[in-house]
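Heads up, the thing below is written out as structure tokens.
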Amino acid sequence: ALLDGRGNIAPGEPNQPNTMDSCTDGTSGSYHSDESNDRIVVRTLDGSNMAEGDTVEVEAIVWAWSTGSADTADFYYAA
């Protein structure tokens, strides 16, 4: 898995930091006690390989704190 947890918090995120900029994950907290992204899947609606112009679905499996009402995730796309 590319993601499971956050930063170097056990079990540790493989290939960290999985970011396109200098905003890396913090090192405080505990695995599955504090927030983390466990899995992000991007797929086409018909199961085919992605191609330019396709509509895709983004599925995020997250570990939210408490009820999750104070947590947010932002997803962006570029055309």
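Source: prediction; values computed, not measured. Values below: all heavy atoms of this structure, side chains included; hydrogens, waters and symmetry mates excluded.
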Heavy atoms from other residues, nucleotides or ligands near CG of N49 exceed 12 (cutoff 6.0 Å): no

Please tabulate, for the side chains in residues 58-66, all donor-acceptor contacts under 3.5 angstrom to protein atoms that are two or more places apart in sequence or on a different chain.
residue, atom, partner, partner atom, Å
E59, OE1, R43, NH1, 3.4
E59, OE1, R43, NH2, 2.8
W63, NE1, H32, O, 2.8

query: Can you name the residues that form a side chain to side chain donor-acceptor pair (under 3.5 Å) with D21, not counting sequence neighbours?
result: T19

message: According to side-chain contact (heavy atoms from CB on, under 4.5 Å), who are the partners of T67, at least two apart in sequence or on a separate chain?
response: S69

field: N/O donor-acceptor pair under 3.5 Å between S30 side chain and S33 backbone
entry: no

message: Tell me whether D54 contacts the main-chain N or O of M50 through its side chain, where contact means a donor paired with an acceptor under 3.5 Å.
response: no

- prompt: If you look at every heavy atom in S48 and D46, which pair is closest and at what distance?
  reply: OG-OD1, 2.7 Å

message: If hydrophobic clusters are built from ILVMFWY residues whose side chains come within less than 4.5 Å, do F75 and V41 share one?
response: no

